[in-house]
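Computed over heavy atoms, backbone and side chain alike; hydrogens, waters and symmetry mates excluded. Index from 1, following the sequence.
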Amino acid sequence: MTTRKKAPKGRRAESVSSSTGSRRNPKIEILVNVTNRETRIVMLEDGQPMEYRVEREERVVGSIFKGIVQNVLPGMDAAFVDIGLERNAFLYVGDILPEEGGDQSPQSVKRSELRRRKIKELIRPGQQVMVQVTKGPRGTKGARVTTRIALPGRYVVLMPESSSVGVSRKIEDRSERERLRKLGDRLQVPGFGIIMRTECEGRTEAELRADISFLEQLWQDITKASKRQRAPACVHKDQTLLFRTVRDMFGENIDTMVIDDPDEYEKVHHVAKAVAPGLRDKISLYDGEVPIFDHYKIESELDRLLQHHVWLKSGAYLVIDEMEALTAIDINTGRQVGSTSLTDTIVKANMEAIDEVCRQLRLRDMGGIIVIDFIDMESETDRKKVLAAFTERLARDRARTRVGKISSLGLVEITRKRTGESVTQEITEICPMCEGIGRISSKETVSLWIERDMWRKAAEPGDAFFVECHPSVVEALVGLDGENVEELEHVMRRGVYIRANFDMEYEEYDIRTGKIDDFDKEYMNYRRAQVVEVNVRRSAFEGTNKVVGWTDNGYFVELLDGSNFVGQRVKVVIQDLRRSFAVGDVIAPGISSPNYARSLS
């Protein structure tokens, strides 16, 4: 199994050099791979993937819709709004602005005050509302929307129908916060609130004014589009993944952005000219013959993104389970045996896992409730040490997170802001076999389903059953040495003909009733001492050394001695013959068959 490299231990903005003791900034690169069906963007820190984003369909988060209220549910303090998507959007009472009027602007009313109001006083069925998507559809849930519109720019967020001025909490310098707040008061447009983003730190008044003017014009265009269109309709689409990356991530800390598509390269240069003219020299075009992700040797690393197990250098590993309600990350010592004591081994495994857990959160863009199951530690000092290291490392994540205390069982609960599906959910789909539970019914379970359905059909005319199912289920129905099917024929007092259908899914089967004479003519075209060709494979029964053969029409032949021929097509002579199976001896290798490969699937 390929092991995943551990994330570097330096700070996000600076790391310690072990050789000199000096601090250095990590090299941060953004790689962009564009095709006609997909855009992939990876952010590297010192050559290691730390964030990965994929866009294949139009994004709805951030888009603005003109919707129609379908239902108002006082018991949930919420309403459902038709915005033209597959499922109605969810609108919570705290996300509904009151009607205009009075001394306060709608946006300045505290959400706690809105929550205390009755939703029927704020909204009614059939009403048309302008809403913005804050969380995309996920699983069985529709999108979540708000009437508190926010238009993000390069440096500021403009909020229509508001009067407040805020500064990002990530700007910690007091003098800079005060400077930006005064700039915000001076630049504020009547009827709009402003939030100064982290990227506006150190920016001039002219840069901020240009950003605000652009967003003000954008809002005017949105309101005009809303008046022209009939609900439900999208009146403003959020920008593409690449544009948002330039707007939100491409800053002074980025060393380079490499794009492999000439058209997108030109577009990004044009966008950068407007939002970050000083950074245009950092944008370059990749025109190599080797695909860009292969050239930077990260394609294989991204392939491991979907792995259930993530191995660490020491031999410990993570188990990551993403579910609709929450994500669970389990840490195990694995092959790590340590060198001093069990306590020391456990602490080292937990400390090593911290970097990889935080990296996986960013890489997969996991959100919502996340539970990390650290290896149990008896010492309270060790638990505090691990939690402090985890909290410090998590602080470098751009997404908003909250961390709970570590429990006596080693569990840490965190929340990470989620705006849509994770990367894993974006590039995968629910297994059609297990339907998302991660497991499928055993062959014995499916064989029992078949038996129960046969009993349900027992009242139908006829003295025999014909069953088609997956080859593994055939073995379970027949049983070792044919015991199951013989007992079934005895208790049901009917003949049973079982055949494998290699095109059927594992849980798929078909049962027909009829007469023994008719089934004998159609399916029992074999006799004792006859030579037939079969495809040899190992038995589906675990813990046995049996080898079985399958004819091209799905007849099951138990081989007395065929272990040397597994994976081959051979000739066998039938020694014993039953309706659902036969027993045979291998006499010689056979010839190739087009059905052979299919029979082994």
Side-chain angles (χ1 to χ4, degrees), residues 440 442-448 450-451 464-490 495-512 516 518-601:
I440 60 174
S442 68
K443 56 184 178 295
E444 288 82 6
T445 298
V446 180
S447 69
L448 290 169
I450 294 173
E451 286 192 23
F465 289 105
F466 176 77
V467 179
E468 271 190 307
C469 55
H470 189 275
S472 296
V473 180
V474 170
E475 287 196 60
L477 271 172
V478 171
L480 291 174
D481 301 322
E483 293 178 353
N484 291 353
V485 69
E486 289 180 355
E487 177 67 16
L488 191 61
E489 287 186 323
H490 174 71
V496 177
Y497 300 78
I498 305 173
R499 297 292 184 270
N501 187 325
F502 303 107
D503 292 326
M504 279 187 168
E505 300 290 349
Y506 192 77
E507 297 180 355
E508 187 180 0
Y509 58 87
D510 181 63
I511 303 172
R512 287 189 286 138
I516 288 179
D518 294 336
F519 287 153
D520 272 343
K521 291 178 182 178
E522 188 172 356
Y523 299 109
M524 290 306 297
N525 50 352
Y526 301 104
R527 64 184 185 278
R528 284 184 178 84
Q530 181 180 349
V531 176
V532 297
E533 290 188 354
V534 298
N535 301 310
V536 183
R537 62 184 295 179
R538 296 197 182 277
S539 171
F541 284 105
E542 297 179 2
T544 68
N545 294 321
K546 287 184 175 292
V547 176
V548 301
W550 298 96
T551 66
D552 290 342
N553 65 354
Y555 189 47
F556 172 41
V557 181
E558 183 177 323
L559 303 180
L560 296 176
D561 185 17
S563 58
N564 294 329
F565 301 97
V566 174
Q568 300 181 38
R569 183 173 176 86
V570 300
K571 293 181 179 180
V572 302
V573 59
I574 295 178
Q575 303 290 355
D576 192 11
L577 190 68
R578 308 294 171 88
R579 295 186 180 95
S580 296
F581 72 100
V583 179
D585 277 326
V586 177
I587 58 174
I591 57 175
S592 61
S593 166
N595 295 324
Y596 174 57
R598 186 179 64 180
S599 71
L600 295 179
S601 62

Kindly state whether the ring of F556 and the ring of W550 have centres lying under 6.0 angstrom apart.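 Between W550 and F556, which both carry aromatic rings, the centre distance is below 6.0 Å.
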
Are Y497 and Y523 an aromatic pair by the rule of ring centers under 6.0 Å?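 Ring-ring flag for Y497/Y523: false, centres at least 6.0 Å apart.
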
Do other residues, nucleotides or ligands put more than 12 heavy atoms under 6.0 Å from N525 CG? yes

Take a 6.0 Å sphere around CZ of R538 and say whether it holds more than 12 heavy atoms from other residues, nucleotides or ligands. no

Residue pair [X] / [Y]: nearest heavy atoms and the distance that separates them:
| X | Y | result |
| --- | --- | --- |
| G479 | N484 | CA-ND2, 3.5 Å |
| S580 | V485 | OG-CG2, 3.7 Å |
| E475 | S539 | OE1-OG, 2.7 Å |
| P471 | N501 | CD-O, 4.1 Å |
| V534 | V557 | CG1-CG2, 4.1 Å |
| R499 | R579 | NH1-O, 2.8 Å |

Strictly distance-based, threshold 3.5 Å: is any side-chain N or O of K546 a donor or acceptor partner for the main-chain N or O of F541? no

Please confirm whether the backbone N or O of V496 pairs with a side-chain atom of E489, one donor and one acceptor, at under 3.5 Å? yes

Among L477, V478, I498, the one residue meeting side-chain contact (heavy atoms from CB on, under 4.5 Å) with F581: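 Passing option: V478.
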
Are side-chain heavy atoms of F565 and V547 found at a separation under 4.5 Å? no

